[in-house]
A.B. asks: 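Structure provided below as structure tokens; questions to follow.
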Amino acid sequence: MNVTGAPSGSVREATRTDRLLAALGGLVAAYVSLAVADLVASRVRPEASPVVAVGSAVVDRTPAALKDWAIRAFGENDKAVLQLGILLFLALFAVGTGLLALRHRVLGAAAVGAFGLLGALAAVTRPDSDSAADAVPSLVGAAVGGILLYVLVGRLLASGSGLGFGPGPARADRRRFLVVAASSGLAATGAAALGRAVGSPAEENATASRAALRLPRPASPAPPVPAGARPAVPGISPFTTPNRDFYRVDTALVVPKVNADRWRLRLHGAGVREELTLTLRDLMARRTVERDITLACVSNEVGGPYVGNARWLGAPLADLLREAGVRPPSEGGPADQLVARSVDGMTIGTPVEEVMDGRDALLAFGMNGEPLPFEHGFPVRMVVPGLYGYVSACKWIESIELTTFDAYDAYWVPRGWSAEAPVKTQSRIDTPRPFGRPSAGTVMVAGVAWAQHRGVRRVEVRVDDGPWRDARLAAEATRDTWRQWTYPWEATPGRHTLTVRATDGTGATQPERRTDIMPDGAQGWHSVVVTVEEGG
């Protein structure tokens, strides 16, 4: 690359050091751009951050098979991995813009602006965006980053010496470059820290509204958990899953924080006599119900962790629908699908018939004795026993529309999942763990089984290819909760395979053959391999 402006005979090609510094300039400019954008987003709303906006757009366009792989591979860290991937891509892009700017300063700065426009477009086209202000963080960040890159590369081309034809000017210009880069990076780090320390006013108000919320006493309390429902076996899942341990699977890169005082729920659509809008106070003033209900994610593989049991407090959804004039299809109602919409734009389609068939379908605002955690849908979410979460458990709900399955496909259906998905009968061995090394003698095999809204009638355990033996079932709380089981195994030294299967309340036993989670949930027997060691 020839650079003009040097004395005759002194023009030279860019050195390796020049290119390294230009690449560093691109990285610094990108870092500053993101820090400034995040600072601005903290005043607008966190979801408007370019990384979040672009990441959310990527999530929506990612093939279902790739999403499933990410959940299997990274679990609840899948969102962090996605954001890391976006940052790595951005780093490569930044290096490229730095090198481009070394040849064409204006084009390099314009490339940073183009990426900012992409972030702005992603932010304002999100389903949860309702203001052009969502574009501001990306645009401001890109403007600052583009100007900084222009200035930084200018330091390499300063003093009329091109890239520096003599050792003195070159070293001086590079020192100026490094001073500007370092000070910009430090300022950006301070801006990012300030944004996190100050926080978003909207988030602060939401947090305060949750802290001030006092749950009503249920008109219909949950029945006491039977004394025999919690076997004291080390390693078995607790009957009630603590909120901090309850699984979370959703597409939200930033957990929505909704102000309970401003929250509204709109009920409308086919068969609704008169459109309703409810506040949280309206909902909590209704007849409230408390129930123990097990939820399961359709992404849960055989033996997987995406299932949990909690005590939910809320208002019966069927009562609200009937008061609005809604009738299920079996009674001549025109709507067979209830489409719940979340504040983040997610749509969940639920069969109206199941919601209104007498099961404890709730608009829940309490979980295990406290207001819903933000991660689990505060201020209100849906809970429908017997259906997988992707067709029933809308978090951060703000709208319910009555329609038909023929007229509308909820979020997951065009992505290859079934429109209707009752929970399949499943059982899991919690202890001993896979590849465990218990000592010979009596080993307690234990775990959980679930078949929500049908109940679990029987659990059997098999050692290697031996006969099936009945496990000891813990007392049943309700047919909507999982059931713990135990089996005392007289273990002999060597390698063994333990397998479990369950039979639900209708008499149907889990099939042996394993199937994939798509399109409507996995099934098959769970097994673990252990090596029994000689007793000490």
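Atoms considered below: every heavy atom in the structure, side chains included; atoms not considered: hydrogens, waters and symmetry mates. Sequence positions, counted from 1, serve as the residue numbers for this chain.
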A.B. asks: Sort out for me which residue in Pro316, Pro216, Pro221 forms a side chain to side chain contact (heavy atoms under 4.5 Å, CB included) with Thr288.
C.D. replies: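 Going through the options one by one, the only one that passes is Pro216.
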A.B. asks: Can a cation-pi geometry be assigned to Arg341 and Tyr408, taking NZ or CZ under 6.0 Å from the six-membered ring centre and within 45° of the ring axis?
C.D. replies: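 Ring-cation test returns yes.
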A.B. asks: Could you report the tightest heavy-atom contact between Val391 and Ala419, atom names first, then the distance?
C.D. replies: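 Nearest pair, atom of Val391 first, then Ala419: CG1-O, 3.6 Å.
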A.B. asks: Quick one: do Glu301 and Arg428 make a salt bridge, cutoff under 4.0 Å?
C.D. replies: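 Between Arg428 and Glu301 there is no salt bridge, as every charged N stays at least 4.0 Å from the carboxylate O atoms.
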A.B. asks: Assess the residue pair Asp134 and Ser131 against the criterion (side chain to side chain donor-acceptor pair (under 3.5 Å)); give the C-alpha distance rounded to whole Å, side-chain angles, the decisive distance to 0.1 Å, and a yes or no.
C.D. replies: CA-CA 6 Å; Asp134 285 349; Ser131 171; 5.5 Å; no
A.B. asks: Look at the side chain of His268 and the backbone N and O of Glu275, then say whether any donor-acceptor pair between them is shorter than 3.5 Å.
C.D. replies: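 No; judged by distance alone, with no hydrogens or angles, the pair does not exist.
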A.B. asks: Quick one: which of Thr241, Asp292, Thr240, Asn243 gives a side chain to side chain donor-acceptor pair (under 3.5 Å) with Asn368?
C.D. replies: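 Result for side chain to side chain donor-acceptor pair (under 3.5 Å) with Asn368: Asn243.
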A.B. asks: Could you walk me through whether Gln484 and Ser237 pass the side chain to side chain donor-acceptor pair (under 3.5 Å) test, one step at a time?
C.D. replies: CA-CA 8 Å; Gln484 295 167 305; Ser237 299; over 6 Å; no
A.B. asks: Cation-pi check, Arg248 to Phe246: give yes when NZ or CZ is under 6.0 Å from the six-membered ring centre and within 45° of the ring axis, no otherwise.
C.D. replies: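 Negative - Arg248 is either too far from the ring of Phe246 or too far off its axis.
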A.B. asks: Tell me whether Arg286 contacts the main-chain N or O of Asp282 through its side chain, where contact means a donor paired with an acceptor under 3.5 Å.
C.D. replies: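 No, because the side chain of Arg286 does not come within donor-acceptor range (under 3.5 Å) of the backbone of Asp282.
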A.B. asks: Side chains of Thr481 and Asn309 only: does a donor on one sit below 3.5 Å from an acceptor on the other?
C.D. replies: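 Looking only at side-chain atoms, Asn309 and Thr481 do not form any donor-acceptor pair under 3.5 Å.
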A.B. asks: Please walk me through it: do Arg454 and Thr425 pass side chain to side chain donor-acceptor pair (under 3.5 Å)?
C.D. replies: CA-CA 9 Å; Arg454 300 185 303 278; Thr425 302; 2.9 Å; yes
A.B. asks: Does the pair Ile517 and Val298 meet the rule for a side-chain contact (heavy atoms from CB on, under 4.5 Å), with working shown?
C.D. replies: CA-CA 6 Å; Ile517 58 176; Val298 73; 5.5 Å; no
A.B. asks: If you count every heavy atom of other residues, nucleotides or ligands that lies below 6.0 Å from Arg281 atom CZ, does the total exceed 12?
C.D. replies: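 Not more than 12 within 6.0 Å, no.
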A.B. asks: Among Arg514, Gln510, Glu460, Arg513, which residue satisfies the side chain to side chain contact (heavy atoms under 4.5 Å, CB included) criterion with Trp525?
C.D. replies: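 Among the candidates, only Gln510 passes.
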A.B. asks: Quick one: sort the Trp412 and Trp417 rings into parallel, tilted or perpendicular, breaks at 30° and 60°.
C.D. replies: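 Perpendicular, since the angle between the ring planes exceeds 60°.
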A.B. asks: May I ask you to decide if Tyr306's main-chain N or O and Asn300's side chain share a donor-acceptor pair within less than 3.5 Å?
C.D. replies: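 The answer is yes, because a donor-acceptor pair under 3.5 Å joins these two groups.
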A.B. asks: Between the main-chain N or O of Glu323 and the side-chain N or O of Arg273, is there a donor-acceptor pair closer than 3.5 Å?
C.D. replies: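 The answer is yes, because a donor-acceptor pair under 3.5 Å joins these two groups.
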A.B. asks: Can you check whether Ser418's main-chain N or O pairs, donor with acceptor, with Tyr390's side chain at less than 3.5 Å?
C.D. replies: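 Yes, the answer is positive, given that a donor and an acceptor are paired below the 3.5 Å cut-off.
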A.B. asks: Counting heavy atoms not belonging to Glu331, are there more than 12 under 6.0 Å from its CD?
C.D. replies: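 Counting neighbours around CD of Glu331, more than 12 heavy atoms of other residues, nucleotides or ligands fall under 6.0 Å, so yes.
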A.B. asks: Side-chain contact, heavy-atom cut-off 4.5 Å: Met382 with Thr350?
C.D. replies: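 Yes, at least one pair of side-chain atoms sits under 4.5 Å.
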A.B. asks: At their closest point, which heavy atom of Thr515 faces which heavy atom of Gly521, and how far apart are they?
C.D. replies: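 For Thr515 versus Gly521, the nearest heavy atoms are OG1-O, 4.0 Å.
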A.B. asks: For Ala475, is there any backbone N or O sitting under 3.5 Å from a side-chain donor or acceptor partner on Arg230?
C.D. replies: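 It does not hold such a pair.
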A.B. asks: Looking at OG1 of Thr294 and CD of Gln426, how far apart are the two atoms once the value is rounded to the nearest 0.5 Å?
C.D. replies: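 These two atoms lie 13.0 Å from each other.
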A.B. asks: Charged N to carboxylate O below 4.0 Å: is that the case for Asp504 and Arg457?
C.D. replies: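 Between Arg457 and Asp504 there is no salt bridge, as every charged N stays at least 4.0 Å from the carboxylate O atoms.
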A.B. asks: Could you check whether any side-chain N or O of Arg483 sits under 3.5 Å from a backbone N or O of Ala474, counting only pairs where one atom can act as donor and the other as acceptor?
C.D. replies: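 The answer is yes, because a donor-acceptor pair under 3.5 Å joins these two groups.
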A.B. asks: Hey, mind stepping through Val380 and Leu283 against side-chain contact (heavy atoms from CB on, under 4.5 Å) and telling me if it holds?
C.D. replies: CA-CA 9 Å; Val380 179; Leu283 196 64; 3.9 Å; yes
A.B. asks: Between the side chains of Glu353 and Ser330, is a donor N or O closer than 3.5 angstrom to an acceptor N or O?
C.D. replies: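 Indeed, the side chains of Glu353 and Ser330 share at least one donor-acceptor pair under 3.5 Å.
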A.B. asks: With a 4.0 Å cut-off on N to O distance, would you call Lys257 and Glu375 a salt bridge?
C.D. replies: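 A salt bridge is absent here (no side-chain N lies under 4.0 Å from a carboxylate O).
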A.B. asks: Applying side-chain contact (heavy atoms from CB on, under 4.5 Å), run through Thr431 and Val445 and close with a yes or a no.
C.D. replies: CA-CA 6 Å; Thr431 184; Val445 184; over 6 Å; no
A.B. asks: Could you check Leu265 against Thr277 for side-chain contact (heavy atoms from CB on, under 4.5 Å), going step by step and ending with a plain yes or no?
C.D. replies: CA-CA 5 Å; Leu265 176 67; Thr277 300; over 6 Å; no
A.B. asks: On a heavy-atom basis, which atom in Arg359 and which in Gly386 lie closest, and how many Å separate them?
C.D. replies: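 Closest approach of Arg359 to Gly386, heavy atoms only: NH1-CA, 4.0 Å.
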A.B. asks: For Arg264, look at atom CZ and say whether over 12 heavy atoms of other residues, nucleotides or ligands are found less than 6.0 Å away.
C.D. replies: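 More than 12 heavy atoms, drawn from other residues, nucleotides or ligands, come within 6.0 Å of this atom.
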A.B. asks: Please check: side-chain N/O of Thr404 versus main-chain N/O of Ala407, any donor-acceptor pairing under 3.5 Å?
C.D. replies: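 Side chain of Thr404 to backbone of Ala407: a pair is present.
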A.B. asks: Looking only at heavy atoms, which two atoms of Ala335 and Pro329 are closest? And how far apart?
C.D. replies: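 Nearest pair, atom of Ala335 first, then Pro329: O-CG, 3.5 Å.
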A.B. asks: Please name the pair of heavy atoms, one in Ile348 and one in Ser392, separated by the smallest distance, quoted to 0.1 Å.
C.D. replies: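 Taking every non-hydrogen atom into account, CG2-N, 3.3 Å.
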A.B. asks: Does this structure show an ion pair linking Asp480 with Arg291, if we count only N-O contacts that are shorter than 4.0 Å?
C.D. replies: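 No, Asp480 and Arg291 are not salt-bridged.
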A.B. asks: Would you call Lys395-Asp250 a salt bridge at under 4.0 Å N-O?
C.D. replies: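 Counted as a salt bridge, because a side-chain N and a carboxylate O are separated by less than 4.0 Å.
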A.B. asks: First locate atom CD of Glu401, then atom CZ of Arg266, and finally report the distance between them rounded to the nearest 0.5 Å.
C.D. replies: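 The CZ atom of Arg266 is 7.5 Å from CD of Glu401, to the nearest 0.5 Å.
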A.B. asks: Should Arg210 and Glu370 count as an ion pair when the cut-off is N to O under 4.0 Å?
C.D. replies: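 Looking at Glu370 together with Arg210, the answer is yes, because their closest N to O distance falls below 4.0 Å.
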A.B. asks: What is the minimum heavy-atom distance between Pro351 and Glu420, and which atoms define it?
C.D. replies: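 Closest pair (atom of Pro351, atom of Glu420, distance): CG-OE1, 3.7 Å.
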A.B. asks: Would a distance-only check, ignoring hydrogens and angles, find a side-chain to backbone donor-acceptor pair under 3.5 Å from Ser42 to Leu39?
C.D. replies: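 Yes, because the side chain of Ser42 sits within donor-acceptor range (under 3.5 Å) of the backbone of Leu39.
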A.B. asks: Let me confirm one number: the NE2-OH distance from His376 to Tyr247, rounded to the nearest 0.5 Å.
C.D. replies: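 These two atoms lie 9.5 Å from each other.
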A.B. asks: Do any N or O atoms from the side chain of Ser209 and from the backbone of Ala260 form a donor-acceptor pair under 3.5 angstrom?
C.D. replies: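 Side chain of Ser209 to backbone of Ala260: a pair is present.
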